[in-house]
Amino acid sequence: MTTRHSHDDTDDLRAALFGRSVVSVQTDEDDYNPEGRVLLDDGTELILQGNEGGCSCGGGDYALTRLNDMPINGITNVEVDVDEHDGYSLTYRIFVLAQDERFELAAFEGDDGIDDYGSGFWFTVKEPA
């Protein structure tokens with residue numbers, strides 16, 4: 001089963017990662033909007049992609065700028081933080097808590113622009129066959 005969610009669906013992101021361990025990550029840097037792939041210990045794949053605003057002005061475009069390639073074991077919680085810079089630019093960060101430490105799993109940077117072209121990131125949970 002495969003389901004796609006927005007950055008607002010923190011509970012679904014938490015449900016996908018809770019109790020799991022990050023085994024490996026991969027970034028597809030050939031695309032205009034790179035995807036990050038996070039493989040979990042049970043074979044579930046979490047696919048991360050920044051929002052594509054669809055405007056030639058770049059409004060609503062967010063790029064995956066960081067993906068933690070360090071294995072993370074025993075995830076106990078997930079948090080999404082949003083930092084605002086200069087009124088328009090935003091950074092969305094996915095943090096996972098494991099072994100009483102907080103690790104940044106991924107970060108997306110972009111700009112909402114002046115119209116409603118979207119914001120943040122999307123994630124897809126692809127369960128093993």
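Because only heavy atoms are used, hydrogens play no part in the values below, and waters and symmetry mates are left out as well, while side chains stay in.
- In this structure, the side chains of Leu40 and Val22 come closer than 4.5 Å at one or more pairs of heavy atoms.
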I'd like a table of donor-acceptor pairs (distance under 3.5 Å, sequence neighbours excluded) in which one partner is a side-chain atom from residues 69-77, with atom names and distances.
from, atom 1, to, atom 2, distance (Å)
Thr76, OG1, Leu97, O, 3.1
Asn77, OD1, Arg14, NE, 2.8

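- The salt bridge (Lys or Arg N to Asp or Glu O under 4.0 Å) analysis of residues 71-80, with sequence neighbours excluded, yields the pairs Glu79-Arg102.
- In summary, Asp41 and Arg20 engage in a salt bridge, as defined by a charged side-chain N under 4.0 Å from a carboxylate O.
- Legend: residues meeting side-chain hydrogen bond (donor to acceptor under 3.5 Å, both in side chains) with Arg66, ordered by chain and number and at least two apart, are Glu104, Glu109.
- Here Leu105 contributes atom CG and Arg93 contributes atom CZ; the two are 13.0 Å apart, rounded to the nearest 0.5 Å.
- Listed by first and then second residue, the ring pair (Phe, Tyr, Trp, His ring centres under 6.0 Å) pairs involving residues 95-117 are Phe108-Phe121 (not counting sequence neighbours).
- Considering all non-hydrogen atoms of both residues, Glu35 and Leu64 come closest at C-CD2, 3.8 Å.
- Val82 is linked by a side chain to side chain contact (heavy atoms under 4.5 Å, CB included) to Leu90, Tyr92, counting only residues two or more places apart in sequence or in another chain.
- Distance check, rounded to the nearest 0.5 Å: CD of Gln26 to CG of Asp28 gives 7.0 Å.
- How far OH of Tyr62 is from CG of Asp111: 6.0 Å, rounded to the nearest 0.5 Å.
- Taking the side chain as every heavy atom from C-beta outward, Thr124 and Leu46 never approach each other to under 4.5 Å.
- Annotation: side-chain hydrogen bond (donor to acceptor under 3.5 Å, both in side chains) contacts of Thr91 (sequence neighbours excluded): His85.
- The CG atom of Leu67 sits 9.0 Å away from the CD1 atom of Ile94 when rounded to the nearest 0.5 Å.
- Within the 4.5 Å cutoff, side-chain heavy atoms of Leu17 are placed close to those of Leu13.
- For the atom pair NE2 of His5 and CG of Asp12, the computed distance is 4.5 Å after rounding to the nearest 0.5 Å.
- Going from atom OG of Ser119 over to atom CG of Asn51 covers 7.0 Å, rounded to the nearest 0.5 Å.
- Val80 and Val96 fall within the same hydrophobic cluster, defined by Ile, Leu, Val, Met, Phe, Trp and Tyr side-chain heavy atoms under 4.5 Å apart, directly or through other members.
- Residue Val78 is grouped with residue Val25 when hydrophobic side chains (ILVMFWY) are merged at heavy-atom distances under 4.5 angstrom, including chains of intermediate members.
- Put simply, the side chain of Ser21 never gets that close to the backbone of Val23: no donor and acceptor are under 3.5 Å apart.
- When all heavy atoms of Phe123 and Leu48 are compared, the pair lying nearest together is CB-CD2, 3.7 Å.
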